[in-house]
Amino acid sequence: GMLDNPLTQKLYTSLYFLYKRYYEDPFRTLVLQYPALFKHGHVIDIGANIGYNARLFSKVVTPGFKIFAFEPDKENFVQLEKNCSFSTSIIPIHSAVGLLSGKVDFWHNDLHPGDHRIATAVFKKNINIRIKTNKVSLTSIDNFTKKWKDFPISFIKIDVQGYELPVCLGMKHTLQSNPNAVTAIDYSPNDSTKLGFNPRELLSFWKNLGYTGYEMTMTGIQRENMETLYQRAIRKYYINILFLQNENKILDSKKLF
(Lines give C-alpha, C1' and ligand atoms only; values in the text may rest on other atoms or scores of the structure.)
Protein backbone atom coordinates (compact mmCIF):
# COMPACT_ATOMS: atom_id res chain seq x y z
CA GLY A 1 0.00 0.00 0.00
CA MET A 2 2.95 2.33 0.42
CA LEU A 3 3.20 2.69 -3.36
CA ASP A 4 -0.26 4.27 -3.44
CA ASN A 5 1.40 7.48 -2.26
CA PRO A 6 2.73 9.53 -5.24
CA LEU A 7 5.85 10.63 -3.35
CA THR A 8 6.61 7.05 -2.32
CA GLN A 9 6.04 5.93 -5.89
CA LYS A 10 8.53 8.49 -7.17
CA LEU A 11 11.10 7.50 -4.57
CA TYR A 12 10.63 3.81 -5.33
CA THR A 13 11.05 4.39 -9.06
CA SER A 14 14.23 6.41 -8.54
CA LEU A 15 15.74 3.80 -6.21
CA TYR A 16 14.69 0.93 -8.48
CA PHE A 17 16.26 2.56 -11.53
CA LEU A 18 19.48 3.20 -9.60
CA TYR A 19 19.56 -0.39 -8.39
CA LYS A 20 19.03 -1.74 -11.90
CA ARG A 21 21.71 0.49 -13.37
CA TYR A 22 24.47 -0.19 -10.86
CA TYR A 23 23.75 -3.70 -9.54
CA GLU A 24 21.65 -5.80 -11.90
CA ASP A 25 21.53 -4.41 -15.43
CA PRO A 26 23.48 -6.05 -18.28
CA PHE A 27 21.49 -4.12 -20.88
CA ARG A 28 23.18 -0.79 -20.25
CA THR A 29 26.53 -2.41 -21.06
CA LEU A 30 25.01 -3.97 -24.18
CA VAL A 31 23.61 -0.62 -25.31
CA LEU A 32 26.97 1.08 -24.77
CA GLN A 33 29.10 -1.64 -26.39
CA TYR A 34 26.78 -2.78 -29.18
CA PRO A 35 24.24 -0.04 -30.00
CA ALA A 36 23.80 -1.40 -33.53
CA LEU A 37 21.86 -4.35 -32.12
CA PHE A 38 18.98 -1.94 -31.52
CA LYS A 39 19.11 -0.16 -34.90
CA HIS A 40 16.86 -0.29 -37.97
CA GLY A 41 14.01 -2.16 -36.38
CA HIS A 42 11.43 -2.13 -33.62
CA VAL A 43 12.28 -3.30 -30.11
CA ILE A 44 9.91 -5.61 -28.21
CA ASP A 45 10.15 -5.50 -24.41
CA ILE A 46 8.21 -8.42 -22.91
CA GLY A 47 7.82 -8.04 -19.17
CA ALA A 48 8.52 -4.32 -19.15
CA ASN A 49 7.77 -3.84 -15.42
CA ILE A 50 7.85 -0.07 -14.74
CA GLY A 51 9.89 0.89 -17.78
CA TYR A 52 13.57 0.88 -16.91
CA ASN A 53 14.65 -1.11 -19.96
CA ALA A 54 12.18 0.56 -22.30
CA ARG A 55 13.63 3.94 -21.40
CA LEU A 56 17.15 2.61 -21.90
CA PHE A 57 16.30 1.18 -25.33
CA SER A 58 14.64 4.43 -26.39
CA LYS A 59 18.04 6.14 -26.26
CA VAL A 60 19.46 3.99 -29.07
CA VAL A 61 16.52 2.88 -31.22
CA THR A 62 16.57 4.32 -34.74
CA PRO A 63 14.20 7.33 -35.06
CA GLY A 64 10.86 6.25 -36.46
CA PHE A 65 10.96 2.81 -34.86
CA LYS A 66 9.17 1.94 -31.62
CA ILE A 67 9.70 0.10 -28.36
CA PHE A 68 6.60 -2.02 -27.71
CA ALA A 69 6.58 -2.56 -23.94
CA PHE A 70 4.31 -5.39 -22.74
CA GLU A 71 3.36 -5.49 -19.06
CA PRO A 72 0.40 -7.51 -17.66
CA ASP A 73 0.40 -6.30 -14.04
CA LYS A 74 -2.03 -3.43 -13.52
CA GLU A 75 0.00 -1.54 -10.91
CA ASN A 76 3.25 -1.88 -12.84
CA PHE A 77 1.52 -0.82 -16.04
CA VAL A 78 0.31 2.43 -14.48
CA GLN A 79 3.90 3.23 -13.50
CA LEU A 80 5.17 2.12 -16.92
CA GLU A 81 2.90 4.63 -18.61
CA LYS A 82 4.00 7.42 -16.27
CA ASN A 83 7.70 6.64 -16.54
CA CYS A 84 7.61 6.47 -20.33
CA SER A 85 5.19 9.31 -21.05
CA PHE A 86 8.08 11.57 -22.12
CA SER A 87 8.93 9.35 -25.09
CA THR A 88 6.95 9.05 -28.31
CA SER A 89 8.96 5.95 -29.23
CA ILE A 90 7.73 3.83 -26.28
CA ILE A 91 4.32 2.18 -26.70
CA PRO A 92 3.10 0.59 -23.42
CA ILE A 93 0.80 -2.41 -23.94
CA HIS A 94 -1.22 -3.82 -21.03
CA SER A 95 -0.97 -7.52 -21.84
CA ALA A 96 0.84 -10.72 -21.06
CA VAL A 97 2.63 -12.57 -23.86
CA GLY A 98 2.56 -16.30 -24.56
CA LEU A 99 1.78 -18.96 -27.14
CA LEU A 100 -1.80 -17.93 -27.94
CA SER A 101 -4.11 -14.96 -27.60
CA GLY A 102 -6.98 -14.68 -25.13
CA LYS A 103 -7.07 -14.52 -21.33
CA VAL A 104 -4.80 -16.12 -18.73
CA ASP A 105 -4.62 -16.41 -14.93
CA PHE A 106 -2.14 -13.96 -13.44
CA TRP A 107 -0.70 -13.74 -9.92
CA HIS A 108 0.21 -10.37 -8.40
CA ASN A 109 2.91 -10.90 -5.78
CA ASP A 110 2.17 -8.38 -3.01
CA LEU A 111 5.62 -8.91 -1.50
CA HIS A 112 7.72 -8.32 -4.62
CA PRO A 113 6.75 -5.89 -7.43
CA GLY A 114 9.12 -7.63 -9.83
CA ASP A 115 7.91 -11.18 -9.22
CA HIS A 116 4.38 -11.26 -10.64
CA ARG A 117 3.80 -14.15 -13.02
CA ILE A 118 1.43 -16.22 -15.13
CA ALA A 119 -0.29 -18.66 -12.77
CA THR A 120 -0.15 -21.99 -14.58
CA ALA A 121 -2.02 -25.01 -13.22
CA VAL A 122 1.27 -26.50 -11.98
CA PHE A 123 2.22 -23.27 -10.21
CA LYS A 124 -1.14 -23.01 -8.46
CA LYS A 125 -0.98 -26.65 -7.40
CA ASN A 126 2.55 -26.59 -6.02
CA ILE A 127 2.78 -23.18 -4.34
CA ASN A 128 2.70 -23.44 -0.56
CA ILE A 129 0.26 -20.60 0.01
CA ARG A 130 -3.24 -19.98 -1.26
CA ILE A 131 -3.06 -17.30 -3.93
CA LYS A 132 -5.56 -15.04 -5.63
CA THR A 133 -5.33 -14.63 -9.36
CA ASN A 134 -7.05 -12.45 -11.91
CA LYS A 135 -7.56 -12.75 -15.63
CA VAL A 136 -5.35 -10.64 -17.87
CA SER A 137 -5.13 -10.25 -21.62
CA LEU A 138 -2.72 -12.56 -23.42
CA THR A 139 -1.27 -12.27 -26.91
CA SER A 140 1.45 -13.99 -28.89
CA ILE A 141 4.12 -11.97 -30.66
CA ASP A 142 3.17 -13.69 -33.92
CA ASN A 143 -0.43 -12.50 -33.54
CA PHE A 144 0.75 -9.04 -32.55
CA THR A 145 3.12 -8.57 -35.50
CA LYS A 146 0.81 -10.00 -38.17
CA LYS A 147 -1.21 -6.77 -38.00
CA TRP A 148 1.53 -5.15 -40.08
CA LYS A 149 2.63 -6.21 -43.55
CA ASP A 150 6.18 -5.07 -42.84
CA PHE A 151 7.37 -5.18 -39.23
CA PRO A 152 11.19 -5.19 -38.95
CA ILE A 153 12.47 -6.12 -35.50
CA SER A 154 15.99 -5.53 -34.24
CA PHE A 155 15.78 -6.65 -30.60
CA ILE A 156 13.49 -8.64 -28.28
CA LYS A 157 13.81 -8.69 -24.48
CA ILE A 158 11.98 -11.36 -22.43
CA ASP A 159 11.70 -11.30 -18.64
CA VAL A 160 8.59 -13.23 -17.59
CA GLN A 161 9.44 -15.18 -14.43
CA GLY A 162 9.58 -18.66 -15.91
CA TYR A 163 7.05 -18.29 -18.74
CA GLU A 164 9.71 -17.86 -21.44
CA LEU A 165 9.03 -21.09 -23.37
CA PRO A 166 5.41 -20.25 -24.36
CA VAL A 167 6.54 -16.72 -25.26
CA CYS A 168 9.22 -18.09 -27.59
CA LEU A 169 6.94 -20.72 -29.13
CA GLY A 170 4.49 -17.93 -29.89
CA MET A 171 6.98 -15.90 -31.92
CA LYS A 172 8.50 -18.51 -34.28
CA HIS A 173 7.03 -16.87 -37.39
CA THR A 174 8.27 -13.46 -36.26
CA LEU A 175 11.77 -14.85 -35.79
CA GLN A 176 11.68 -16.44 -39.24
CA SER A 177 10.67 -13.10 -40.72
CA ASN A 178 13.45 -11.32 -38.82
CA PRO A 179 16.51 -13.62 -38.93
CA ASN A 180 18.84 -10.83 -37.80
CA ALA A 181 16.77 -9.97 -34.71
CA VAL A 182 18.56 -10.52 -31.40
CA THR A 183 16.72 -11.89 -28.35
CA ALA A 184 17.74 -11.47 -24.71
CA ILE A 185 16.14 -13.68 -22.04
CA ASP A 186 16.23 -13.62 -18.25
CA TYR A 187 16.70 -17.37 -17.78
CA SER A 188 15.89 -19.07 -14.47
CA PRO A 189 15.54 -22.87 -14.63
CA ASN A 190 13.98 -22.89 -11.17
CA ASP A 191 11.25 -20.41 -12.15
CA SER A 192 10.50 -22.39 -15.32
CA THR A 193 10.15 -25.59 -13.30
CA LYS A 194 7.79 -23.90 -10.82
CA LEU A 195 5.45 -23.14 -13.72
CA GLY A 196 5.60 -26.70 -15.05
CA PHE A 197 8.09 -26.31 -17.90
CA ASN A 198 11.30 -28.16 -18.62
CA PRO A 199 13.97 -25.41 -18.60
CA ARG A 200 16.17 -27.34 -21.02
CA GLU A 201 13.45 -27.11 -23.66
CA LEU A 202 13.94 -23.37 -23.89
CA LEU A 203 17.62 -23.77 -24.75
CA SER A 204 16.76 -26.57 -27.21
CA PHE A 205 14.27 -24.25 -28.90
CA TRP A 206 17.01 -21.75 -29.74
CA LYS A 207 19.62 -24.37 -30.57
CA ASN A 208 17.26 -26.13 -33.00
CA LEU A 209 16.63 -22.83 -34.78
CA GLY A 210 20.38 -22.36 -35.25
CA TYR A 211 21.00 -19.64 -32.67
CA THR A 212 24.16 -19.07 -30.66
CA GLY A 213 23.96 -18.24 -26.95
CA TYR A 214 25.95 -15.60 -25.08
CA GLU A 215 25.85 -14.98 -21.36
CA MET A 216 25.21 -11.29 -20.67
CA THR A 217 26.72 -9.65 -17.61
CA MET A 218 27.37 -6.09 -16.50
CA THR A 219 30.87 -6.32 -17.97
CA GLY A 220 30.00 -7.71 -21.40
CA ILE A 221 28.98 -10.88 -23.25
CA GLN A 222 30.60 -14.31 -23.48
CA ARG A 223 29.75 -17.01 -25.99
CA GLU A 224 28.89 -20.35 -24.35
CA ASN A 225 27.36 -23.68 -25.38
CA MET A 226 23.83 -24.39 -24.24
CA GLU A 227 24.80 -26.90 -21.55
CA THR A 228 27.22 -24.44 -19.98
CA LEU A 229 24.50 -21.79 -19.95
CA TYR A 230 22.11 -24.22 -18.26
CA GLN A 231 24.61 -25.24 -15.58
CA ARG A 232 25.58 -21.65 -14.93
CA ALA A 233 21.94 -20.64 -14.53
CA ILE A 234 21.39 -23.49 -12.07
CA ARG A 235 24.37 -22.34 -10.04
CA LYS A 236 23.51 -18.63 -10.08
CA TYR A 237 19.69 -19.13 -9.97
CA TYR A 238 19.33 -17.01 -13.11
CA ILE A 239 21.43 -15.55 -15.92
CA ASN A 240 20.75 -13.30 -18.89
CA ILE A 241 21.27 -14.94 -22.28
CA LEU A 242 21.62 -13.28 -25.68
CA PHE A 243 20.54 -15.41 -28.65
CA LEU A 244 21.46 -14.58 -32.24
CA GLN A 245 21.80 -16.30 -35.59
CA ASN A 246 24.13 -13.86 -37.32
CA GLU A 247 27.21 -13.71 -35.12
CA ASN A 248 28.74 -11.10 -37.41
CA LYS A 249 26.08 -8.74 -36.14
CA ILE A 250 27.83 -8.85 -32.78
CA LEU A 251 31.35 -8.82 -34.17
CA ASP A 252 30.72 -5.99 -36.62
CA SER A 253 28.21 -3.92 -34.71
CA LYS A 254 30.72 -1.49 -33.23
CA LYS A 255 32.16 -0.57 -36.60
CA LEU A 256 29.02 -0.68 -38.75
CA PHE A 257 27.17 2.20 -37.10
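In this structure, Lys236 pairs ionically with Glu215, as a charged nitrogen and a carboxylate oxygen lie closer than 4.0 Å. At a threshold of 4.0 Å, the pair Lys172-Asp142 does not count as salt-bridged, since none of the basic side-chain nitrogens sits closer than that to a carboxylate oxygen.
Under the 3.5 Å distance criterion, with hydrogens and angles disregarded, no donor-acceptor pair is assigned to the side chains of Thr193 and Asn190. Side chains of Tyr238 and Asp186: a donor-acceptor N/O pair is absent below 3.5 angstrom, by distance only. In this structure, a donor-acceptor pair under 3.5 Å is absent between the side chains of Thr139 and Ser95.
Here the side chains of Leu195 and Val122 are not in contact, with every heavy-atom distance at 4.5 Å or above. At least one side-chain heavy atom of Arg117 sits under 4.5 Å from a side-chain heavy atom of Asp191. Contact check for Leu30 versus Ile221: side-chain heavy atoms found under the 4.5 Å cut-off. Residues Val78 and Glu75 form no side-chain contact, since every pair of their non-hydrogen atoms from C-beta on lies 4.5 Å or further apart. Residues Val182 and Ser154 are not in side-chain contact: their nearest non-hydrogen atoms beyond the backbone lie 4.5 Å or more apart. With contacts defined as side-chain heavy-atom distances shorter than 4.5 Å, the pair Val97/Ile141 qualifies. You'll find the side chain of Phe70 stays beyond 4.5 Å of the side chain of Leu80, heavy atoms only. Side-chain contact between Ser192 and Leu165 is absent, with no heavy-atom pair separated by less than 4.5 Å.
Annotation for Ser101 and Ser140: closest pair OG-N, 3.5 Å, computed over non-hydrogen atoms. Across all non-hydrogen atoms, the minimal contact from Tyr214 to Arg223 is CD2-N, 3.3 Å. Among all heavy-atom pairs drawn from Ala184 and Met216, the shortest one is CB-SD, 3.8 Å. Between Pro72 and Val136, the shortest heavy-atom distance links the atoms O-CG1, 3.9 Å. Here the shortest heavy-atom pairing between Thr133 and Ala119 reads CG2-CB, 3.7 Å. Here the shortest heavy-atom pairing between Ser89 and Ser87 reads OG-OG, 2.8 Å.
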- Does the pair Thr183 and Ile158 meet the rule for a side chain to side chain contact (heavy atoms under 4.5 Å, CB included), with working shown? CA-CA 8 Å; Thr183 300; Ile158 305 173; 3.9 Å; yes

- Walk me through it: do Ile156 and Val43 pass the test side chain to side chain contact (heavy atoms under 4.5 Å, CB included)? CA-CA 6 Å; Ile156 302 170; Val43 175; over 6 Å; no

- Task: Check step by step if side chain to side chain donor-acceptor pair (under 3.5 Å) holds for Thr145 and Thr174.
- Result: CA-CA 7 Å; Thr145 59; Thr174 301; 3.0 Å; yes

- Query: For Trp206 and Leu175, what are the C-alpha separation, side-chain angles and deciding distance, and is it a side chain to side chain contact (heavy atoms under 4.5 Å, CB included)?
  - Reply: CA-CA 11 Å; Trp206 292 98; Leu175 292 171; 3.7 Å; yes

- Could you walk me through whether Met218 and Arg28 pass side chain to side chain contact (heavy atoms under 4.5 Å, CB included), step by step? CA-CA 8 Å; Met218 293 184 66; Arg28 185 169 182 269; over 6 Å; no

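With hydrogens and angles ignored, the 3.5 Å screen pairs no side-chain donor or acceptor of Thr62 with any backbone N or O of Phe65. Between the side chain of Asn49 and the backbone N or O of Gly51 there is no donor-acceptor pair closer than 3.5 Å. Remark: side-chain polar atoms of Gln245 are paired, donor with acceptor, to backbone N or O of Leu209 under 3.5 angstrom. Within the 3.5 Å criterion, the main-chain N or O of Gln79 finds no donor-acceptor partner in the side chain of Glu81. In this structure a side-chain-to-backbone donor-acceptor pair under 3.5 Å is present from Lys157 to Gly47. Judged by distance alone, with hydrogens and angles left aside, the side-chain atoms of Arg55 form a donor-acceptor pair with the main-chain N or O of Asn83 at under 3.5 Å. A donor-acceptor pair is defined here as one N or O able to donate and one able to accept, closer than 3.5 Å; no such pair exists between the side chain of Asn178 and the backbone of Asn180. A donor-acceptor pair is defined here as one N or O able to donate and one able to accept, closer than 3.5 Å; such a pair exists between the side chain of Lys66 and the backbone of Thr88.
Taken from CE in Met171 to CZ in Phe144, the straight-line distance is 13.5 Å, to the nearest 0.5 Å. Put simply, CD1 on Ile118 and CG on Asp105 are 8.5 Å apart, with the number rounded to the nearest 0.5 Å. Between Leu242 atom CG and Gln222 atom CD the span is 12.5 Å, to the nearest 0.5 Å. A distance of 7.0 Å separates CZ of Phe38 from CG of Leu56, quoted to the nearest 0.5 Å. His116 NE2 to Asn76 CG: the interatomic distance, rounded to the nearest 0.5 Å, is 4.0 Å. Interatomic distance, Lys125 NZ to Thr120 OG1, rounded to the nearest 0.5 Å: 11.5 Å.
By the rule that hydrophobic residues join a cluster once side-chain heavy atoms approach within less than 4.5 Å of another member, Ile44 and Ile185 end up as members of one cluster. Linking ILVMFWY side-chain heavy atoms closer than 4.5 Å, directly or via other members, places Leu100 and Leu202 in a single hydrophobic cluster. Hydrophobic clustering (side-chain heavy atoms under 4.5 Å, transitive across Ile, Leu, Val, Met, Phe, Trp, Tyr) keeps Tyr52 apart from Phe77.
Ring centroids of Phe57 and Phe27 are separated by less than 6.0 Å, placing the two rings close together.
When the options Asp159, Ile67, Asp45, Val31 are evaluated for a side chain to side chain contact (heavy atoms under 4.5 Å, CB included) with Asn53, the one that passes is Asp45.
Surrounding NZ of Lys147 are more than 12 heavy atoms belonging to other residues, nucleotides or ligands, all under 6.0 Å away.
Here ring-ring contact (aromatic ring centres under 6.0 Å, His included) pairs that include residues 160-195, with residues two or more places apart or in two chains, are Tyr163-Phe197.
Aromatic ring pairs are classed by plane angle as parallel below 30°, tilted from 30° to 60° and perpendicular above 60°; the pair Phe68 and Trp148 is tilted.
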